[in-house]
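I have placed the structure first, in the form of structure tokens, so that the comments after it can refer back to it.
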Amino acid sequence: MSLLHHGGRLLDMAERYGIEESDWLDLSTGVSPWHYPVPDIPTSAWNRLPEDEDGLSTAADRYYGGCNALPVAGSQAAIQTLPQVLGVKRGGPGRVLLPEVGYKEHERAWRMQGWQVEYYGKSPELSGQAYTQLPTAEQIARCDVLLLINPNNPAAGLIPVEQMTSWLEVLTRNGGYLIVDEAFMDSTPEHSVNGLDSQNLIVLRSIGKFFGLAGVRAGFLFAPTRIREAVQEFLGPWCLSGPARYITAKALADTEWQQLQSVRLKRASTRLRQLLLSLGEPVAGTSLFQCVYLPQAPVWFEHLCQHGVLTRLTDEGDALRFGLPADEEQWARLSVALQSVLTDMVLTEIAPYQLS
């Protein structure tokens with residue numbers, strides 16, 4: 001499979017539309033517009049090899065509520081590694097259940113290792129502020145791995161811990177694994193399964209989204225010892241750089257900043273949801289993004305780009321995902337751009353929409 005395209009790619013878009021990079025409003029990712037203030041990095045983090053005993057895993061265990069966290073270069077590193085590791089453990093690839101809508105790097109990784117991919121949630125139901133996708137009991141009974149993205153990106157569905165626990169029991173009896181990608185879980189820690197004691201549970205976490213530190217490329221794998229050690233052996237030493245380890249440990253320990261971040265993310269996300277609901281179409285989201293489902297989403301994407309506003313067109317082409325504006329100037333620009341697009345499309349089927 002070829003490389004997938006995600007949010008970002010601002011330089012490419014600037015060249016494509018002839019708009020200077022500095023003139024764009026980039027809302028194409030689910031990364032917080034407010035990042036953890038990076039502290040001064042000691043010289044030792046630069047001129048010495050990283051050490052596993054530097055306290056990072058302990059800080060991650062405390063923050064995420066897990067045990068024996070394995071630092072990796074973003075949860076992406078674990079996503080790419082797990083299909084091969086689990087394939088070796090079971091003597092070959094098997095069947096993996098993936099959500100119909102969700103982060104497509106998961107599918108790519110499993111297919112590249114020869115696993116049989118089966119989807120669940122082909123007809124997600126809108127419940128409150130999210131589209132929920134659930135596998136059937138029959139699907140779980142015949143799979144070797146059930147992968148959940150919780151909350152989902154971009155559908156935003158959040159599966160209760162009790163439901164996941166029930167599935168985990170079935171998978172354990174059958175020798176299968178439950179993998180939960182919790183990259184967007186920080187604002188709803190009560191829904192995490194990281195505290196469950198199971199030899200068949202694997203949890204992925206990332207600091208890129210909530211902490212606004214996507215460029216640090218830091219994440220964590222929580223897994224039973226045999227899986228953790230296999231992943232660590234596959235990735236090799238020094239998976240995370242010294243400066244990245246230092247910054248991440250500081251961010252995970254700063255509870256005062258985390259509380260401030262949670263409040264402002266929820267406030268901004270609620271404001272964004274209200275703005276997008278004015279378009280009269282379904283909106284689903286988390287504290288870090290809102291996704292509006294539009295009959296002509298690709299046309300909306302194109303017109304917004306022409307106004308210098310970059311969003312994320314979903315892989316299904318049925319919705320636009322908006323990240324959070326950072327300040328009042330960006331809020332005003334987004335509102336003006338949406339109104340301008342409505343004017344641009346006055347002769348299309350979307351003409352009846354009114355933005356309040």
Side-chain angles (χ1 to χ4, degrees), residues 1-4 52 57 66-100 102-122 133-150 152 159 163-183 192-206 219-240:
M1 296 177 66
S2 59
L3 289 176
L4 300 173
D52 292 338
S57 292
C67 181
N68 202 18
L70 175 65
V72 294
S75 53
Q76 180 66 36
I79 289 172
Q80 294 175 194
T81 306
L82 281 170
Q84 182 167 347
V85 167
L86 293 183
V88 170
K89 290 294 181 183
R90 67 182 306 279
R95 182 193 302 265
V96 58
L97 293 183
L98 300 177
E100 177 78 7
Y103 186 53
K104 296 303 182 184
E105 289 290 347
H106 286 290
E107 177 187 354
R108 180 175 185 272
W110 293 98
R111 287 195 185 281
M112 288 186 67
Q113 293 301 320
W115 284 70
Q116 181 181 351
V117 172
E118 181 177 339
Y119 295 112
Y120 62 85
K122 292 188 177 182
Q133 304 171 90
L134 302 176
T136 66
E138 292 76 12
Q139 286 180 306
I140 294 174
R142 64 173 179 263
C143 80
D144 301 293
V145 174
L146 168 60
L147 188 139
L148 308 174
I149 304 173
N150 204 42
N152 187 276
I159 301 173
Q163 178 66 79
M164 291 184 286
T165 302
S166 175
W167 291 337
L168 179 58
E169 292 174 355
V170 175
L171 291 163
T172 299
R173 289 197 299 268
N174 296 339
Y177 292 90
L178 174 63
I179 300 176
V180 188
D181 181 346
E182 296 185 346
S192 173
V193 292
N194 217 9
L196 298 181
D197 182 15
S198 172
Q199 293 300 303
N200 298 72
L201 174 65
I202 299 169
V203 177
L204 310 179
R205 299 298 296 255
S206 169
F220 297 92
L221 169 77
F222 293 88
T225 300
R226 67 186 187 282
I227 302 299
R228 182 190 190 279
E229 291 179 348
V231 171
Q232 188 170 24
E233 181 179 356
F234 182 88
L235 293 175
W238 315 306
C239 186
L240 209 58

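Counting begins at 1 with the first residue of the sequence.
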Reported CZ-to-CG distance for the pair R142 and N174, which is rounded to 0.5 angstrom: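 Those atoms lie 12.5 Å apart.
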
Mind checking the OH-CD1 spacing from Y177 to I227? Nearest 0.5 Å is all I need. 4.0 Å

Aromatic plane relationship, F222 with F220 - under 30° parallel, 30 to 60° tilted, over 60° perpendicular: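 The arrangement is tilted - the two ring planes meet at 30° to 60°.
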
When you measure from the side chain of Q133 to the backbone of E100, do you find a donor-acceptor pair of N or O atoms at a distance under 3.5 Å? yes

Look only at the side chain of E182 and the backbone of V193, and say whether a donor-acceptor pair between them is shorter than 3.5 Å. yes

Any side-chain heavy-atom pair from [X] and [Y] closer than 4.5 angstrom?
X: L178; Y: T172; result: no
X: L98; Y: Y103; result: no
X: L171; Y: N200; result: no
X: Y120; Y: I140; result: no
X: L148; Y: I179; result: no
X: D181; Y: E105; result: no
X: V96; Y: H106; result: no

Residue pairs meeting side-chain hydrogen bond (donor to acceptor under 3.5 Å, both in side chains), one or both in residues 230-239, sequence neighbours left out, come to R228-Q232

Before giving the answer on side chain to side chain contact (heavy atoms under 4.5 Å, CB included), spell out for V180 and I202 the whole-Å C-alpha distance, their side-chain angles and the decisive distance to 0.1 Å. CA-CA 6 Å; V180 188; I202 299 169; over 6 Å; no

Just jot down the salt bridge (Lys or Arg N to Asp or Glu O under 4.0 Å) partners of R226, sequence neighbours excluded, or say none. none

Verify side-chain hydrogen bond (donor to acceptor under 3.5 Å, both in side chains) between Y119 and E107, making sure each step is shown before the conclusion. CA-CA 10 Å; Y119 295 112; E107 177 187 354; 2.9 Å; yes

